[in-house]
Participant: 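I'd like to ask you about the structure that follows.
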Amino acid sequence: MARAVQFELRLAERMSRLGTETAFEVLKRARDLERQGKDIVHLEIGEPDFATPPNIVDAAIAALHAGWTHYGPSAGYPELREAIAKEVSRSRRVEVTSDEVVVVPGGKPIIFFSILALVNAGDEVIYPNPGFPIYESMINYVGGRAVPIRLREEKDFRFDVDEFAGLIGDRTKLIILNSPQNPTGGMLSKQDIEQIADAIGDREILLLSDEIYSRLIFDGEHHSIIAEPGFKDRTILLDGFSKSYAMTGWRIGYGVMRSDLAAQISRLMTNSNSCTASFSQMAGVEALQGEQSSVERMRQEFQRRRDRVVPGINRIRGFSARMPHGAFYVFPNITGTGLNSKTLADRLLEEAGVACLSGASFGEFGEGYLRLSVANSMDNLERALERIEHWVSKSISND
Ligand SMILES: Cc1ncc(COP(=O)(O)O)c(C=O)c1O
């Protein structure tokens, strides 16, 4: 009979390069504090605080009763792929066909699969910094070289296109863009997109354009590089249902890309998830084709909160925040407090009862900032502002 054997776990070497998303860790710490009886205002989470619109929930329930409970095609059901192709063709003003669409469980797997499918060890990937931490994590995981393009506060958290052009080289395999942007709320203008396209020219480089916040815009219009002449076949457009339709837990998103790459991403789906949940996909069809007024209502509410939180933050000593133009985050500069981002975020959680994220968890150029999510009620946002202000006046010296 075999004996129980104790031994040290020896992970594959690549696991040491895998990063994380701090939001989930901070949420856990905040919940632990709540279990100890502390009252915490949650500004760390990046998900709408609204319920999924009822027409979408009803469609999912009907789909469950109708038997959409089995495996489906790895790339997604034709009904949904067609609905997505139509929606992207309309919104981005570019002709997209359903064989260029892959449905996956959330927006995140498009990042995971694109990098896994395209980036060899030593290949360079340019990505926004501060930015969604999964980009850097995945580039490192596959042994690629992560090349940050710095987002600049003085440019409303856009990057300098000349600086960007200087980073493109022979080893550049992939460029990641994200607009509207997490964590800064910055947005690329039409002119930025044109200049980025000019800087890339006719090089054989692919772009991963993360547009998951494309329906959450407060000022200006959404522009996608997929619509630039010559860029349709070089762009992987990432979008999904999580943020626009408050469907984070349904796990459904998609990528739009040239059909030969779509076939390869589908192979990765076959090897990992098999397919995206069938009833979630039917709910996705309803989300795209049904009543859209709930999207606009949520957008307006986020804008109302942004308009309240930014002036409130700017009244706090040591904090200064720009108006985000999209998404649902405020990214104040906190260098005036004299504390680094992590220390300030930790102390606000433990001493003021406000959970938010250190800017440094979005990359090296996020140091000196905090990310506050406005995906919480106005009452809770008011409470958070009061608590931060009170804590700063008590704990940070005046000089
Ligand atoms: C920029 C960005 N891309 C992708 C995602 C992933 O979205 P999903 O929950 O649909 O996987 C997020 C979620 O926070 C995000 O902020």
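All values derive from a computational prediction rather than experimental measurement. Whatever order the structure lists ligands and atoms in, that order sets their numbers, starting from 1. Scope of the values below: all heavy atoms of this structure, side chains included, with no hydrogens, waters or symmetry mates.
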Participant: Just to verify, which of Arg299, Arg297, Arg304 counts as forming a salt bridge (Lys or Arg N to Asp or Glu O under 4.0 Å) with Glu301?
Facilitator: Arg304

Participant: Between Thr97 and Asp99, is any side-chain donor less than 3.5 angstrom from a side-chain acceptor?
Facilitator: yes

Participant: With nothing but distance in play, are any N or O atoms of Tyr213 less than 3.5 Å from an N or O of ligand 1?
Facilitator: yes

Participant: Please verify whether a non-hydrogen atom of Thr248 lies at under 4.0 Å from ligand 1.
Facilitator: no

Participant: Counting only heavy atoms, tell me which of Lys108, Lys243, Arg251 gets closest to atom 13 (C) of ligand 1.
Facilitator: Lys243

Participant: Among all the protein's non-hydrogen atoms, which is closest to atom 12 (C) of ligand 1, and how far away is it?
Facilitator: Phe132 CZ, 3.4 Å

Participant: Establish, from distance only, whether the side-chain atoms of Asp192 and Ser189 form a donor-acceptor pair under 3.5 Å.
Facilitator: yes

Participant: Which bit of Tyr135 is near ligand 1, meaning a heavy atom under 4.0 Å away: side chain, backbone, both or neither?
Facilitator: side chain

Participant: In this structure, is the centre-to-centre distance between the rings of Trp250 and Tyr245 below 6.0 Å?
Facilitator: no

Participant: Whether the side chain of Thr52 engages the backbone of Ala246 through a donor-acceptor N/O pair (distance < 3.5 Å, no angle test) should be reported.
Facilitator: yes

Participant: Which ligand 1 atoms are under 4.0 Å away from a heavy-atom of Asp210?
Facilitator: 1 (C), 2 (C), 3 (N), 4 (C)

Participant: For ligand 1, which is the ligand I care about here, please tell me if Ser242 has any N or O atom under 3.5 Å from one of the ligand's N or O atoms.
Facilitator: yes

Participant: With a cut-off of 4.0 Å, which atoms of ligand 1 are near a heavy atom of Gly106?
Facilitator: 10 (O), 11 (O)

Participant: Between Gly107 and ligand 1, does any nitrogen or oxygen pair lie at a separation below 3.5 Å?
Facilitator: yes

Participant: Looking at Asp123 and Asn120, would you say the former's side chain and the latter's main chain have a donor-acceptor pair under 3.5 Å?
Facilitator: yes

Participant: Phe157 and Tyr369: aromatic ring centres closer than 6.0 Å?
Facilitator: yes

